[in-house]
*Asks:* 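Take this structure first; my questions come after.
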Amino acid sequence: MSASVPRLFADIKAMLEDMHAVAVEGQCCDNSPDMQLALTRLLRSRTATVEASLVIIAHRLGGEHD
């Protein structure tokens, strides 16, 4: 069964909270370039997941997606 719209919003909120923690980690001055790249990839992946969830929400509500 597919998730409800409120559940999708809850999932987005959780992803944004996780992304905040990753962004904070990225601010450390002593991260290696490999670590910074891994954090960048993680943020990019989570951003894509948030976007996909937003498309699903818009579709379920009968709206357009940009």
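This structure is a prediction, so every number in the text was calculated from the model and none was measured.
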*Asks:* Show every side-chain hydrogen bond (donor to acceptor under 3.5 Å, both in side chains) that has at least one partner inside residues 28-44, sequence neighbours left out.
*Replies:*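 Non-adjacent pairs meeting side-chain hydrogen bond (donor to acceptor under 3.5 Å, both in side chains): Asn31-Gln36.
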*Asks:* Report whether Met35 and Leu42 are members of the same hydrophobic cluster (ILVMFWY, side-chain heavy atoms less than 4.5 Å apart, transitive linking).
*Replies:*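 Yes, same cluster.
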*Asks:* What about Ile56 and Leu61, same hydrophobic cluster or not, with Ile/Leu/Val/Met/Phe/Trp/Tyr joined at side-chain heavy-atom distances under 4.5 Å?
*Replies:*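 The answer is yes; both residues are in one hydrophobic cluster.
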*Asks:* Taking side-chain hydrogen bond (donor to acceptor under 3.5 Å, both in side chains) as the test, write out the residues that go with Glu25, two or more places apart.
*Replies:*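 Once residues adjacent in sequence are excluded, Glu25 has no partner under the side-chain hydrogen bond (donor to acceptor under 3.5 Å, both in side chains) criterion.
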*Asks:* Show which side-chain atoms of residues 8-22 pair as donor or acceptor with protein atoms under 3.5 Å away, not counting sequence neighbours.
*Replies:*
from: Asp11; atom 1: OD1; to: Arg7; atom 2: NE; distance (Å): 2.9
from: Asp11; atom 1: OD1; to: Arg7; atom 2: NH2; distance (Å): 3.3
from: Lys13; atom 1: NZ; to: Glu17; atom 2: OE2; distance (Å): 2.8

